[in-house]
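Written out below as structure tokens is the structure these notes cover.
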Number of protein chains: 2
Amino acid sequence: MTDAESPTPGTDPADRKRGGGAKLAYETLRDEILDLVLAPGEPIDEASLAERLAMSRTPVREALVRLAGEGLVTMLPNRSTIVAPVDFPNLYAFFDALTLMYRVTTRLAAEFHQPADLDAIRARQAVFARAVQAGDTAAMITHNRDFHAAIAEAGRNSYYTQLFVRLLDEGRRILRLYYYPSFSAQMPHPYILEHEAIIAAVADRDVELCDTLAREHADQIVRQIQEMIARDRRQHLRL
Amino acid sequence: MTDAESPTPGTDPADRKRGGGAKLAYETLRDEILDLVLAPGEPIDEASLAERLAMSRTPVREALVRLAGEGLVTMLPNRSTIVAPVDFPNLYAFFDALTLMYRVTTRLAAEFHQPADLDAIRARQAVFARAVQAGDTAAMITHNRDFHAAIAEAGRNSYYTQLFVRLLDEGRRILRLYYYPSFSAQMPHPYILEHEAIIAAVADRDVELCDTLAREHADQIVRQIQEMIARDRRQHLRL
DNA sequence: TGCATATAGTTTGTCGACAAGTTTTTTGCC
DNA sequence: GGCAAAAAACTTGTCGACAAACTATATGCA
């Protein structure tokens, strides 16, 4: 396929700093993977991607190696790199880890947060609430991620934060996979209220309450995803 | 410095598979970093490393990018890559995450292990015990890591396993930093006994006992490291 | 001598090219 | 027509080269 790929506007190799090529490739690919612009399992061709971003294959390759380290792509030796497939058999492990990270990061936030952290968290929550009111599911998913990432940051444990962000991103991909087609009749106002409760508990430095709220919040999200998957499976059986 | 680096025997570019260059560079660097052959903060020159391994800079660079993703090196933009420094101000976060991963992985091993897993775990424990009896500290550190990694594998949650292995490796580096000079008068037989107790609890599928034992084991290790650091600090003050 | 500036020397980030594997197409045979 | 082997086409992994950015040295001036 020597198709003329869309040249992707805004990528002028001239006004790009030294080292900015790999960064651009990384961020572009990352966004497209998480937004499901690139479907799980879809092959990524280094040459065409390099052409699309107006750069050589070297920085593209660097981006792919980084993404492989984060589990977002799988590099098959001597064969094409593919977008990491969603690992359905291991969804249980995913839910388990996600729930634990919700709890741990929120606990630590209650313990170690500083005044500025609360401002950042509240700002994220405001953006999230706006997305909910606008009914913008895609934005909701993203900003929910950012909200919890901000809480994790306040906990000041980079090991947890890194794993949590990775899990939230993976969840973002799963949600996009199912949430879009699902009926949005029931607006998820509960999430906003739960977020508010979590913020209050963090501000109060109530560690145990944070743990409980985080666990409930996580369980609710896990349940929602499982229901969406189950509904999807029923639909497929009917066809 | 255009010093003639030692050519590192056993690295013949001829009998190296396609794709084996980057792998060799990655594993070599990784081992040298964890064994403190390369000191924390020490710069890594791409060109000389490439020459030492008899390959071009490209596979070396790929290895560095991967190692940066795992936090073992820090790539300073447009400046030399350095071996990741040990982050002493954040040691608390490290201990916290390490302890949690000890507990979680051991719990999950009790729940989900299969017969073959126990064989693998016991094999690691045998190797570890041999290192203890031989008084080989370096080997002890490595095989203790492998023992707990095997338990984590039995828990079948790759998210936890990955983080845990990363933490254990970081701990391996810290231990090497302090353990060598410390007097080895008191042979750490307790570790062997604790390991045996953990194996028995996993085999019995006693989740709560696993949690308790893992926590105690982790606390003991954390305490040991803290004592070593404190002793080291006292020594430095005396000088 | 001490400091700012210019200069030389490294080291990294990116490029284009090429060869080793893969995949796809073509060819030959039954 | 259907299948196996050979060939063409493509993709990746590695190489050597070059220019931008940084570091160390040398130069000039007060």
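Note that the structure is predicted; figures quoted are calculated from it, not measured. Lettering follows sequence order; numbering is per chain, from 1.
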Item to check | Positions of residues 37-44 of chain A (non-hydrogen atom under 4.0 Å from DNA chain C), listed by number | outcome: none
Checklist outcome for this item: Applying salt bridge (charged side-chain N to carboxylate O under 4.0 Å, His left out) to A:Arg103 and not counting sequence neighbours gives A:Asp211
Item to check | Length of the CD-P vector between B:Glu62 and D:dT14, whole Å | outcome: 7 Å
Checklist entry - Side chains of B:Gln162 and A:Arg166: is there a donor and an acceptor less than 3.5 Å apart? => result yes
Checklist outcome for this item: On DNA chain D, more 5' by nearest nucleotide between A:Arg79 and A:Thr58 is A:Arg79
Checklist entry - Between A:Arg66 and A:Tyr26, is NZ or CZ placed under 6.0 angstrom from the six-membered ring centre and within 45° of the ring axis? => result yes
Side-chain polar contacts of residues 36-47 of chain A - donor-acceptor pairs under 3.5 angstrom, sequence neighbours left out - could you list them?
{"from": "A:Glu42", "atom 1": "OE1", "to": "A:Ala39", "atom 2": "N", "distance (Å)": "2.9"}
{"from": "A:Asp45", "atom 1": "OD2", "to": "A:Ser48", "atom 2": "N", "distance (Å)": "3.0"}
{"from": "A:Asp45", "atom 1": "OD2", "to": "A:Ser48", "atom 2": "OG", "distance (Å)": "3.1"}
{"from": "A:Glu46", "atom 1": "OE1", "to": "A:Arg57", "atom 2": "NE", "distance (Å)": "3.1"}
{"from": "A:Glu46", "atom 1": "OE1", "to": "A:Arg57", "atom 2": "NH2", "distance (Å)": "3.1"}
{"from": "A:Glu46", "atom 1": "OE1", "to": "A:Arg61", "atom 2": "NE", "distance (Å)": "3.4"}
{"from": "A:Glu46", "atom 1": "OE2", "to": "A:Arg61", "atom 2": "NE", "distance (Å)": "3.1"}

Next on the checklist: Rounding to an integer number of Å, can you tell me how far A:Lys23 NZ sits from C:dT14 C1'?
Outcome noted: 17 Å
Could you go through residues 85-97 of chain A and list every donor-acceptor pair under 3.5 Å that involves a side-chain atom there, pairing it with any protein atom two or more places apart or in another chain?
{"from": "A:Asp87", "atom 1": "OD2", "to": "A:Asn90", "atom 2": "ND2", "distance (Å)": "3.0"}
{"from": "A:Asp96", "atom 1": "OD2", "to": "B:Tyr160", "atom 2": "OH", "distance (Å)": "2.8"}

Item to check | Whichever of A:Asn78 and B:Glu46 has its nearest DNA chain C nucleotide further upstream toward 5' | outcome: B:Glu46
Checklist entry - Of all the nucleotides listed (D:dT11, D:dC15, C:dG16), which has the minimum atom distance to the side chain of B:Ser56? => result D:dC15
Checklist entry - Under the side chain to side chain contact (heavy atoms under 4.5 Å, CB included) test, which residues partner B:Glu153, sequence neighbours left out? => result B:Thr161
Checklist outcome for this item: In whole angstroms, the gap separating C1' of C:dC15 from CZ of A:Arg16 amounts to 12 Å
Checklist outcome for this item: B:Met75 atom CE is separated from C:dT11 atom C1', nearest whole Å, by 12 Å
Checklist entry - With nearest nucleotides of DNA chain C determined for A:Pro77 and A:Gly21 from heavy-atom distances, which residue corresponds to the more 5′ nucleotide? => result A:Gly21
Checklist entry - How many Å lie between CZ on A:Arg57 and C1' on D:dT14, as a whole number? => result 9 Å
Checklist outcome for this item: In whole angstroms, the gap separating C1' of C:dT14 from CD of A:Glu51 amounts to 17 Å
Next on the checklist: Using whole Å, what does the distance between atom P of nucleotide C:dG21 and atom CG of A:Leu76 come to?
Outcome noted: 17 Å
Checklist entry - What's the CD1-C1' distance between A:Ile82 and C:dT23, to the nearest Å? => result 16 Å
Item to check | side chain to side chain donor-acceptor pair (under 3.5 Å) against B:Asp146, all qualifying residues, sequence neighbours excluded | outcome: none
